[in-house]
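Let me begin by presenting the structure, written as structure tokens, before commenting on it.
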Amino acid sequence: MSRLLGELNEAQLEAVTTTEGPLLIIAGAGSGKTRVLTRRLAHLLVQRLANPYQVLAVTFTNKAAGEMKERVTRLLGSDIQQMNVSTFHSFCVRVLRRDANRLDYQTNFTIFDQVDSLTLMKNCIKELGFSDTQFPAKGQLRKISDAKSKLVGPEAFATAAGGYFETRTAELYTLYQERLRACCAMDFDDLLFNAVWLLKSDSEVAARYQERLRYIMVDEYQDTNHIQYLLLKHLLGDHDNLCVVGDEDQSIYGWRGADIRNILEFETDYPGARIIKLEQNYRSTGVILEAASSVIGNNEMRKGKKLWTTVEGGDKVKLFLVDSAADEATTIVEQIVACQSETPLTDVVILYRTNAQSRAFEEQLRRESIPYQIIGSVSFYQRKEIKDLLGYLKLIVNPADDISFQRIINYPKRGIGQMTLAQIATLARQAGVPAYEIARQSETHPELSAKTKRIEPFTAIIEKYREQKDTRPVDLLVQDLVTDLKMIDDLLAEDRVLGQARVDNIEAFIEGAAEYARSHGEAHLEEYLSEISLFTNLDDYKDVEDKVSLMTIHSAKGLEFSSVYLAGLEEGLFPLQRTVTEPEQLEEERRLFYVGATRARKNLCLSVASSRHRFGEVASVMSRFVKEVPDHLVEKHDLRKQGYRPTVSHPAHSQVGSQAQIIPAPSGVHYEYEPEELLRVGRVVEHPTFGRGKILGAEGFGESLRLEIMFSGIGVKKIMAKYAKLKIIG
DNA sequence: CTTCGTGCTAATTCT
DNA sequence: TAGCACGAAG
């Protein structure tokens, strides 16, 4: 009992013991949020305020959910099975698996991931004969996704649509939903949309949840969107025991429809809400906290809070200036190796703005034989070989899944191309049945009978496993399927090097299935598929192995590391180019920086490359966020080899020609870093031939800056800053 | 009708 | 840089 309430500060204790009514916990970075949430959940159960099944806790990732369950279990000393700890999405799946038939959906519906949705959308665009440049599939999906996250269905969208483009989008939306339904599938947004729709329109279902769920807790509330907000409203019903935890400074999903107003207006939304602020930071050093706070202080759209820590001081924030992405990787990896004795690899993370940046690091880490794990980039379940295999599994479970059908009908290659596929699709539409059904009876269709010999082996496999799917454990089934498809030989034959990696992936997949089968007793295919379709790329992150982690800053939310390397701090990359003109988006980028920086307990390192290959563009300028960190907190290491040369900035889309055109200065000339700022009198520098020296004087500026430097053992030298390869030491 | 090769264009962040 | 669409060969 006292274990539950012990070791909590005053605010945390209050948050844990305030159980009734709406409660907003403003939890700054590293303020012990997870501890509060788990204790509060345990407290509700220990105090017998609720049975385990009467509490719902919503977390951001499945992994976080699993961890929370584990921690509560440890606190209570007993395993609580019926405890609802899940993500919004997986909670909705559970609701729909039970009652989707009330929406005329089968309860064994398939969940389409982003790639599936994209394929389907492309099909729709083609079907309606729209130009795919005027209507790019991704853009259309964005619009539809936005609509869904506001609970705007196809009819409502069509009614509100004005103008040519919106009307076309409405048509696409309608067709897209029709096709989804025909595939007996839902996309990610549908999970929320349909669950809310169900609760809204079916009072019987709504009542069931409202009566059952007496307490609801939501983590990362700043990143909830409107439909999630509605879901909560519908689940609450007549009581208002809603506890939300969030931090407006860590809201980084605005682009996905996250509505920061949910948290900013919580008090007006839920009258009588208690607000508790957790402002003591237990994670980071004073230096890191001050650096992060200074940057976020530049945001105007915030309530403002003051995080404090008793851990004063700490190492300065290291700033590395390098020439290129490759040098950035070399430098950071060097640094990691140098610190390996104090900081184990598990406690180190390299964070970046875009997944594409992971590559340089991956190469360097591999060269140095440093174990690492990349979270995200191409999520395990998005890899081609896994998706192909999953395509089979999905079609076995759901023969109406035309998208999976389309994916695997010619994998492995069996001479069925676009034409045949189109024929099948046409026949299917005419008959109003799934494509697979046509394929299965291809001999009855004269147009296809010539192809039957090619199609038949395919349908035979599907049929074979359809018979087994409810009786054989999932891992054995997958194992056999891999053998039947001759996947291993195929992949190895295709590519010696890459092939092996793919085979490894398949083996990992089978191992994962086996593990699932072991831990879930009678685990069969359907259940397994449903589970993994909601895996996020974070869910394969393991913090036990001794490996450096690499991930985007978005993925790092909620995690902490002893050492954090924040890479690619350049204007145009972080913040991203298209955000700088929109104050709101720029502020979101700044929050992203804040999230990244506050992941660090002890060491924070920033890096800036003065040139980076981003489709042609070369030169780059230091990110404004770096400049917002107060000088006295920063230890600068200029590792650039060329010294301070002015660089010419090319417009990203200058001449498209085989020859890169050099645009003559001076209009585009700028200094990446003000030499004056770096090379002040009194600074200690290192010269490649003269060694260490102290700057005694300076004259001129810019390119003609000349320095008078006292080198130990050599004497005073006058040097052109432009040519000397000086390194700042102190 | 399929497959393979070339040239073009677009290029975040995640469930 | 990579993924995709289109065109030529098998």
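Labels below follow one simple rule: chain letters A, B, ... track the order of the sequence lines, proteins then strands, and each chain is numbered from 1.
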Return all side-chain donor-acceptor pairs below 3.5 angstrom for residues 419-429 of chain A, not counting sequence neighbours, or 'none' if the list is empty.
| unit_1 | atom_1 | unit_2 | atom_2 | d |
| --- | --- | --- | --- | --- |
| A:T426 | OG1 | A:A422 | O | 2.8 |

Check the phosphate of [N] against [X], side-chain N and O only, distance under 4.0 Å to OP1 or OP2. Yes or no?
X	N	result
A:N410	B:dT3	yes
A:N355	B:dT13	yes
A:T552	B:dC14	yes

Between the protein and nucleotides 3-10 of chain C, list the N/O to N/O atom pairs that are separated by less than 3.5 angstrom.
none

Does a donor on one side chain and an acceptor on the other come within less than 3.5 Å for A:Q222 and A:D247?
-> no
Under 3.5 Å side-chain donor-acceptor pair for A:S530 and A:R97 | yes
Counting heavy atoms from C-beta on, name the nucleotide in [options] closest to the side chain of [X].
X	options	result
A:R359	B:dC1, B:dT12, C:dA2	C:dA2
A:K451	B:dT15, B:dT13, B:dT2	B:dT2
A:S555	B:dC14, B:dT13, C:dA2	B:dC14
A:M419	B:dT2, B:dT13, B:dT15	B:dT2

5′-ward residue of the pair A:K413/A:E589 relative to DNA chain B = A:K413
Comparing A:R454 and A:L576 on DNA chain B - which has the more 5′ nearest nucleotide = A:R454
Hey, does [X] reach any base, or is it just sugar-phosphate, or nothing, if we go heavy atoms under 4.0 Å?
X	value
A:I416	sugar-phosphate
A:E588	nothing
A:Y253	sugar-phosphate
A:T579	base

Quickly work out the A:L351 CG to B:dC14 P distance and round it to whole Å.
-> 12 Å
What's the CG-P distance between A:L421 and B:dT2, to the nearest Å?
-> 9 Å
Measure from NZ or CZ of A:R256 to the centre of the six-membered ring of A:Y253 and say whether it is under 6.0 Å with the direction within 45° of the ring axis.
-> yes
Do the charged groups of A:R590 and A:D249 touch, with an N to O distance under 4.0 Å?
-> no
B:dT12 base / A:R353 side chain donor-acceptor hit below 3.5 Å | no
Ring-base stacking, A:W255 with B:dT13 (5.5 Å, 30° cut-offs) = yes
Close side-chain approach of A:I332 to A:S607, heavy-atom, < 4.5 Å | yes
Using side-chain hydrogen bond (donor to acceptor under 3.5 Å, both in side chains) as the criterion, list what pairs up with A:T169, not counting sequence neighbours.
-> A:Q140
